[in-house]
Amino acid sequence: MVVKEIPYFDLSEICDSGQCFRMERITENEFQIRAEDKYLRATQEGETVRFDCSEEEFETFWKHYFDLERDYGIYIEAIDPEDTYLKTAAELGSGIRILNQDLWEMIVSFLISQQNNIFRIRKCIDRISRRYGEEKRAADGTVYHAFPTAEALSQATEEELRDCNLGYRAKYVRDTALRVASGEVDLAVIRKMTYPEAREELLKLYGVGVKVADCICLMALHELSAFPVDTHIRQALEKHYPGGFPAKRYGGMEGVLQQYIFYYELIHKE
DNA sequence: ATCCAGGAGTGAC
DNA sequence: GTCACTCCTGGA
């Protein structure tokens with residue numbers, strides 16, 4: 001059990017920000033997170049966060065996963081005080097972190113995300129994890145499944161992936177899994193690339209376009225310059241920044257702001 | 001019913 | 001380079 005006081009950190013906001021499809025709310029302030037082959041329960045009361053894991057696992061994995069060594073106050077303070085829209089959005093989502101998620105997991109997750117909604121993306125990922133991911137047992141006895149490896153997914157047929165409700169995205173996942181499993185695409189190499197290089201390389205994958213590539217760069221490679229533009233972001237930008245988003249002013253932190261905007265729009269559309 | 005949800009591939013111009 | 005069209009699926 002690890003207990004920390006963490007400013008600018010809110011599990012609920014992170015869960016709802018839509019960057020992790022394997023994080024779920026159990027009760028009002030208790031959450032479960034599955035990442036790679038790991039499982040965690042965490043609870044939040046004010047700024048106090050309780051991580052249900054050993055000190056070692058926290059230090060070696062979750063601390064980095066939740067990006068706890070970064071001060072997000074800097075980003076919020078950097079926002080133009082006259083930009084009331086962005087200020088309001090950042091205030092609403094001030095507990096959001098850009099998680100450090102696994103590259104392979106993000107590639108598959110965002111391939112599935114296209115023309116899809118969060119609820120169904122979660123279901124798709126849950127299904128492929130159950131079918132192709134290794135069964136694991138957490139310290140508290142909870143049975144869960146690791147995210148399936150490229151090798152495991154490459155064994156699946158397109159039809160089997162369609163049975164997991166991937167629809168036409170099944171061929172994208174299968175093709176990418178085959179190319180990664182065969183070594184034709186080397187994720188270790190992509191991890192070391194600069195943002196423009198990695199983006200270009202990801203765009204070569206079947207089913208990866210500009211938006212998905214930027215999501216992967218932001219969520220897995222932690223390229224905070226990446227600014228994924230989906231339909232919701234595009235609509236928000238058209239409405240609030242008719243002259244264009246001041247990306248120049250916010251160079252290097254566009255991705256963080258994208259999350260604040262996305263979260264704000266998500267909350268306000270209901 | 002038609003449209004669209006956190007898009008991308010394809011072919012036509 | 002920019003359209004228009006298509007691709008699963010299901011909820012409004």
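Just so you know, these numbers come straight off a predicted model, no measurement behind them. We name chains A, B, ... by the order of the sequence lines, and we start the count at 1 in each one.
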How would you label the contact of [X] with the nucleic acid (heavy atoms, under 4.0 Å): base, sugar-phosphate, or nothing?
| X | result |
| --- | --- |
| A/G18 | base |
| A/V229 | nothing |
| A/Y206 | sugar-phosphate |
| A/L205 | sugar-phosphate |
| A/I121 | nothing |
| A/S109 | nothing |

Select one nucleotide: of B/dA8, B/dG6, C/dT9, the one nearest the side-chain heavy atoms of A/R120.
-> C/dT9
With respect to the side chain of A/F21, which nucleotide from B/dA8, C/dC8, B/dG6 is positioned closest?
->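 Nucleotide nearest to A/F21's side chain: B/dG6.
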In whole angstrom, give the distance that lies between atom [atom1] of [X] and atom [atom2] of [N].
| X | N | atom1 | atom2 | value |
| --- | --- | --- | --- | --- |
| A/F119 | C/dT9 | CZ | P | 16 Å |
| A/K171 | B/dG9 | NZ | C1' | 8 Å |
| A/E159 | C/dT9 | CD | P | 11 Å |
| A/I125 | B/dG6 | CD1 | C1' | 12 Å |
| A/L202 | B/dG9 | CG | P | 12 Å |
| A/K204 | B/dG9 | NZ | P | 14 Å |
| A/L166 | B/dA8 | CG | P | 16 Å |
| A/Y172 | C/dT6 | OH | C1' | 9 Å |

Going by atom types alone, do A/H240 and A/D83 pair a side-chain donor with an acceptor below 3.5 Å?
-> no
Nearest atoms (heavy-atom pairs only) where A/A42 meets A/F51 =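 Closest pair (atom of A/A42, atom of A/F51, distance): CB-CD2, 4.2 Å.
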Assign each of A/Q114 and A/K123 to its nearest nucleotide of DNA chain C by heavy atoms, then name whichever residue's nucleotide is nearer the 5' end.
->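 Result of the comparison: A/Q114.
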Given Watson-Crick or G-U pairs with both distances under 3.5 Å, what dot-bracket string fits DNA chain B, with | for other-strand pairs and [ ] for crossing?
-> .||||.|||||||
Checking only heavy atoms, does the side chain of A/R169 share a donor-acceptor pair with the base of C/dC7 at less than 3.5 Å?
-> no
Looking at B/dG6, does its base get a donor-acceptor pair with the side chain of A/K211 below 3.5 Å?
-> yes
Does this structure show an ion pair linking [X] with [Y], if we count only N-O contacts that are shorter than 4.0 Å?
| X | Y | value |
| --- | --- | --- |
| A/E238 | A/R234 | yes |
| A/R50 | A/E30 | no |
| A/R162 | A/E158 | yes |
| A/R25 | A/D16 | yes |

Which of parallel (below 30°), tilted (30 to 60°) and perpendicular (above 60°) describes A/F262 and A/H232?
-> tilted
Measure up the A/Y65 and A/F61 rings against each other and bin them: parallel (under 30°), tilted (30 to 60°), perpendicular (over 60°).
->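 Parallel: the ring planes of A/Y65 and A/F61 meet at under 30°.
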Contact under 4.0 Å: A/Q115 side-chain N or O vs B/dG7 OP1/OP2 |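 For B/dG7, OP1/OP2 do have a side-chain N/O of A/Q115 under 4.0 Å.
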May I ask you to verify if any side-chain N or O of A/T231 is less than 4.0 angstrom from the OP1 or OP2 atom of B/dG7?
->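 Looking at the OP1 and OP2 atoms of B/dG7, one of them is under 4.0 Å from a side-chain N or O of A/T231.
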DNA chain B nearest-nucleotide lookup for A/M219 and A/V208: closer to the 5′ end is A/M219
For A/E5, look at atom CD and say whether over 12 heavy atoms of other residues, nucleotides or ligands are found less than 6.0 Å away.
->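 Yes - once you tally the heavy atoms of other residues, nucleotides and ligands closer than 6.0 Å, there are more than 12.
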Whole-Å P distance, B/dC4 and C/dT6 |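 Pairwise P distance, B/dC4 against C/dT6, rounds to 15 Å.
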Can you tell me how far C1' in B/dC3 sits from the matching atom in C/dC8, rounded to whole Å?
->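 These two C1' atoms come out 15 Å apart once rounded.
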